[in-house]
Amino acid sequence: MNQSQARMNADLISQVLPAGTVGVESWENGHEITLFPAEEEYIAGATPARHREFRDVRWCARQALASVGAPAGPLVPTATGAEFLVRYPTWPPGYTGCLTHCDGYRAAAVADVTDVLALGIDAEPHDRLPPPALSRIAGPDELDDLAALRSNHPGVAWDRVLFSAKESVFKAWFPLTRRWFDLRDCTISLDPAAATFTAWLRQDLSDTVPSARPAILGRWAVGGTASEGHVVTSAVIRRSR
C-alpha cells in the first residue's frame with residue numbers, strides 16, 4: 001500500500017473500538033519483534049509471507065498489551081481436536097483480545113475481562129463479495145437490507161461490511177464458548193448513520209452464555225472507495241448488568 005492509500009485508511013481501528021478496549025493497527029511490513037519460543041515453534045515451516053504476517057500482527061498485539069499494562073507472552077493457539085480448524089491465541093490472564101490481518105493491513109485489540117467477556121475484530125478488502133459467497137452468509141431479510149443500503153449509500157461495499165461484521169461476531173463468540181455457528185445463524189442489522197451494527201444469534205446459541213447481554217453490539221469503518229481500501233469491524237460481548 002502506498003502512502004496516500006495509508007492516509008486514506010488511517011485510524012480505522014480507533015473508529016470501531018468502544019470504550020474499555022485498546023487497538024493498534026499497521027499497514028507496514030517487517031516490524032522488528034523477537035518471537036517467544038512457543039511462537040517460533042508454531043510458525044516454523046511457514047512461508048516467508050506467513051512469517052511476516054505472523055510477526056507484524058503480534059507486533060500490534062504487544063503494543064496494545066503494553067498500553068494497558070498487560071505482560072507480554074506468547075500468543076499461540078491451544079485448540080485441539082474438533083477445534084483444530086478454528087485456532088485463536090490465548091491471551092494473558094485477565095485480558096481478552098483478537099488479531100486480524102488481510103492484504104495491506106493488520107491489527108490487534110485488547111480489553112480487560114472485568115467488563116468485556118470477549119472481543120472480535122476483522123479486516124477485509126473494501127470490495128464486493130462474489131454473489132455465491134453472499135448467498136451463503138446472508139438471510140432473506142439481510143439481502144433486502146443490503147439492497148436498500150446499496151441504493152441509498154452506493155459508495156460502500158455493504159455486503160463486505162456485513163461479512164466482516166459476522167466474522168467479528170464469530171471471532172468473539174467461538175473462543176468464549178467453543179461453539180461453532182454458521183454465519184446465517186447470526187442476523188445483523190447495519191446502521192449506516194451511526195456506523196454501528198447489532199447482531200442476534202439463534203436462540204439456542206445465545207442462551208449459551210447467560211452472563212452476556214442478549215444482543216452483540218459492534219461498529220464498522222471503511223477507508224477508501226468500494227474498490228480500494230479496507231473494511232474494519234469489531235464486536236464486543238459484554239457482561240450483563
Side-chain angles (χ1 to χ4, degrees), residues 13 16-18 20-26 33 35-46 50-66 68 70-102 105-124 137 163-183 185-186 199 201 205-206 208-209 211-212 216-219 231-239:
I13 196 68
V16 302
L17 290 179
T21 59
V22 173
V24 173
E25 64 190 354
S26 175
I33 180 175
L35 295 179
F36 289 93
E39 293 173 327
E40 290 280 12
E41 181 181 358
Y42 180 78
I43 199 64
R50 174 61 180 140
H51 267 279
R52 288 192 298 271
E53 180 182 78
F54 186 90
R55 288 174 178 271
D56 289 340
V57 77
R58 276 156 182 77
W59 178 88
C60 293
R62 292 200 195 169
Q63 301 298 310
L65 287 167
V68 297
L75 295 177
V76 292
T78 58
T80 58
E83 300 164 9
F84 182 77
L85 295 178
V86 186
R87 299 180 174 185
Y88 296 109
T90 299
W91 294 84
Y95 295 91
T96 185
C98 192
L99 310 175
T100 189
H101 47 75
C102 66
Y105 184 88
R106 66 277 306 152
V110 178
D112 189 300
V113 296
T114 303
D115 181 51
V116 175
L117 284 170
L119 169 65
I121 60 172
D122 184 68
E124 301 286 336
I137 66 112
F163 173 74
S164 182
K166 293 194 177 201
E167 285 288 299
S168 282
V169 171
F170 186 88
K171 290 163 80 172
W173 177 259
F174 187 85
L176 179 67
T177 66
R178 300 299 182 185
R179 289 195 64 184
W180 183 284
F181 68 77
D182 186 274
L183 293 186
D185 294 331
C186 173
L201 293 175
L205 290 168
S206 62
T208 304
V209 187
S211 60
I216 299 173
L217 304 180
R219 300 183 182 188
V231 174
V232 178
T233 59
S234 74
V236 176
I237 302 177
R238 293 191 181 273
R239 297 183 185 276

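Side-chain contact between Leu75 and Glu39: present, with at least one pair of heavy atoms (C-beta onward) separated by less than 4.5 Å. In this structure the side chain of Lys171 reaches within 4.5 angstrom of the side chain of Thr100, judged on heavy atoms. Using a 4.5 Å heavy-atom cutoff, the side chains of Tyr42 and Pro77 are in contact.
Between the CG atom in Leu217 and the OG atom in Ser234 there is a gap of 9.5 Å [rounded to 0.5 Å]. Taking CD1 of Ile216 as the start and CZ of Phe170 as the end, the distance is 11.5 Å to the nearest 0.5 Å. A distance of 8.5 Å separates CG in Asp185 from NZ in Lys166, rounded to the nearest 0.5 Å. Remark: Leu176 CG to Ile237 CD1 distance equals 5.5 Å, nearest 0.5 Å.
Ring-plane geometry between Phe174 and Tyr88 is classed as tilted, the angle between the planes lying from 30 to 60 degrees on a 0 to 90 degree scale.
Closest of all the heavy-atom pairs between Cys98 and Ile121 is SG-N, 3.4 Å. Summarising the geometry of Val232 relative to Val16, their closest heavy-atom pair is O-CG1, 3.3 Å, with the distance given to 0.1 Å. Here the closest non-hydrogen pair linking Phe181 and Cys186 is CE1-CB, 3.7 Å. The two atoms that bring Leu119 and Thr96 nearest to each other are N-OG1, 4.1 Å, heavy atoms only. In this structure, Val236 and Pro18 approach most closely via the heavy-atom pair CG2-CG, 3.7 Å. Nearest heavy atoms, Leu99 versus Pro89: CD1-CG, 3.9 Å.
Residues Ser164 and Asp122 bring a donor and an acceptor atom of their side chains to less than 3.5 Å of each other.
For the pair Gln63 (side chain) and Cys60 (backbone), a donor-acceptor distance under 3.5 Å is absent. Between the Thr233 side chain and the Ser168 main chain, no donor and acceptor come within less than 3.5 Å of each other. The main-chain N or O of Phe163 is never found under 3.5 Å from a side-chain atom of Glu124 such that the two would form a donor-acceptor pair. Distance alone, capped at 3.5 Å, places no donor-acceptor pair between the Arg58 side chain and the Leu35 backbone. With hydrogens and angles ignored, the 3.5 Å screen pairs a side-chain donor or acceptor of Arg55 with a backbone N or O of Ile33.
Applying the 6.0 Å contact sphere to CD of Glu40 captures more than 12 heavy atoms from other residues, nucleotides or ligands.
Legend: residues meeting side-chain hydrogen bond (donor to acceptor under 3.5 Å, both in side chains) with Arg50, ordered by chain and number and at least two apart, are Glu53. Listed by chain and residue number, nothing satisfies the salt bridge (Lys or Arg N to Asp or Glu O under 4.0 Å) test with Arg219 (two or more places apart in sequence, or in another chain).
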Applying side-chain contact (heavy atoms from CB on, under 4.5 Å) to Val24 and Trp59, what does each step give before you reach the verdict?
CA-CA 9 Å; Val24 173; Trp59 178 88; 4.1 Å; yes
